[in-house]
Amino acid sequence: MWYNVDQTESWGVGAMAGVAFAGNFAHTIDPKGRVTIPAAFREALAEGFTIGLNNQFAAIALYPKAKWNEKCEQLAKIPESDIMGTRYVRLITGNSFSGCELDNQGRVLLPATLRAKVGMDKAIRFVGMGGYLEIWDEERYVRESDVSEQSIDGLLNYVNGQYYHAPV
């Protein structure tokens, strides 16, 4: 069962050591396609962030400048002669918008092309991902959370085996 837990503003910047984005917030998109970024995330997002897609192409991602630069460095390691790798680079960079800023009310326009790709409607969910922020369509987020919670044992075994070499 998925539980709808909205985190308080205190879960934002500095909530966990080295984690700029933690917690989740339910919200809505206005008729012009803008969203108000929760106050807890605004400072960490800073100026010049990039709007793109997460690696699953299931949500919109907001990358602070430093995190986007890291991602670009990783993508630059893929040689142009690698056709499959080039396709991936094209998907990531071709669906990103750099140099974004919040308006005076803390809002940002989410590009219509990205909203369409992730099936985003009016109800959304901001999800902190440590170094960046994801914005999910609310219904899709609930489904994804249900799947993850139902397979928690497998997820824990995977993460522990893949990154910590210690099965649960």
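Just so it is clear, the values below take in all heavy atoms, side chains as well, and ignore hydrogens, waters and symmetry mates. Residue indices begin at 1 and follow the sequence shown.
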Heavy-atom closest contact (Ala44 atom, Ala20 atom, distance)
CB-CB, 3.7 Å
Are the side chains of Leu62 and Thr50 in contact, using a 4.5 Å heavy-atom criterion?
no
How long is the span from the CD atom in Glu144 to the CD atom in Glu149, to the nearest 0.5 Å?
11.0 Å
If you apply the rule side-chain contact (heavy atoms from CB on, under 4.5 Å), what do you find for Trp136 with Asn24, and how did you get there?
CA-CA 10 Å; Trp136 286 77; Asn24 71 84; over 6 Å; no
Count the heavy atoms belonging to other residues, nucleotides or ligands that lie under 6.0 Å from CD of Glu80, then report whether that count exceeds 12.
no
Go through the steps for Phe21 and Met129 under the test side-chain contact (heavy atoms from CB on, under 4.5 Å), then give the verdict.
CA-CA 6 Å; Phe21 301 98; Met129 293 293 294; 5.8 Å; no
Heavy-atom donor-acceptor pair, Asp82 side chain to Ile78 backbone, under 3.5 Å:
no
When you measure from the side chain of Ser145 to the backbone N and O of Val142, does any donor-acceptor pair fall under 3.5 Å?
no
Tyr63 and Trp68 aromatic ring geometry - parallel, tilted or perpendicular at 30°/60° bounds
tilted
Has Asp137 got a side-chain atom pairing as donor or acceptor with Asp121's backbone, closer than 3.5 angstrom?
yes
Are Val147 and Tyr158 grouped together when hydrophobic residues (ILVMFWY) are joined by side-chain heavy atoms under 4.5 angstrom apart?
no
Say you draw a straight line from CD of Gln105 to CG of Asp30; how long is it, rounded to the nearest 0.5 Å?
9.5 Å
Is Phe97 linked to Phe57 within one hydrophobic cluster, defined over Ile, Leu, Val, Met, Phe, Trp and Tyr using a side-chain heavy-atom separation of less than 4.5 Å?
yes
Look at the side chain of Asn160 and the backbone N and O of Tyr164, then say whether any donor-acceptor pair between them is shorter than 3.5 Å.
no
Looking at Phe41 and Gly23, what are the two nearest heavy atoms and their distance?
CZ-O, 4.3 Å
Evaluate Glu70 against Leu75 for side-chain contact (heavy atoms from CB on, under 4.5 Å), listing each step before the verdict.
CA-CA 9 Å; Glu70 285 177 28; Leu75 294 173; over 6 Å; no
Does some side-chain heavy atom of Asp146 sit less than 4.5 Å from a side-chain heavy atom of Tyr141?
no
State whether the side chain of Arg140 and the backbone N or O of Met120 hold a donor-acceptor pair below 3.5 Å, judged by distance alone.
no
What is the distance from atom OG1 of Thr86 to atom CE of Met84, rounded to the nearest 0.5 Å?
10.5 Å
Measure the CD1-CG distance between Ile92 and Asn54 for me, rounded to the nearest 0.5 Å.
8.5 Å
Below 4.5 Å, heavy atoms only, C-beta onward: do Phe49 and Leu102 meet side chain to side chain?
yes
Glu47 atom CD, neighbour heavy-atom count above 12 within 6.0 Å
no
Looking at side-chain heavy atoms only, is the closest gap between Arg125 and Phe25 below 4.5 Å?
no
Compare all side-chain heavy atoms of Ile60 with those of Ile51 and state whether any distance is below 4.5 angstrom.
yes
Rounded to the nearest 0.5 angstrom, the NZ-OG1 distance for Lys71 and Thr93 is 11.0 Å
Arg107 and its side-chain contact (heavy atoms from CB on, under 4.5 Å) partner, picked from Asn104, Asp103, Leu109, Leu110
Asp103
Test item: Leu155 and Ser148 side chains (from C-beta on) under 4.5 Å apart, heavy atoms:
yes
Parallel, tilted or perpendicular, judged at 30° and 60°: which one describes the rings of His27 and Phe126?
perpendicular
Output all residues satisfying side chain to side chain donor-acceptor pair (under 3.5 Å) with Tyr88, sequence neighbours left out; order by chain, then residue number.
Asn55
Less than 4.5 Å apart, any side-chain heavy atom of Val108 and any of Val35?
yes
Spatial distance of atom NZ (Lys122) from atom CZ (Arg115) [nearest 0.5 Å]
12.5 Å
When you measure from the side chain of Asn95 to the backbone N and O of Leu53, does any donor-acceptor pair fall under 3.5 Å?
no
Would you say that Glu138 contacts Ile124 through its side chain, given a criterion of any heavy-atom pair below 4.5 Å between the two side chains?
no
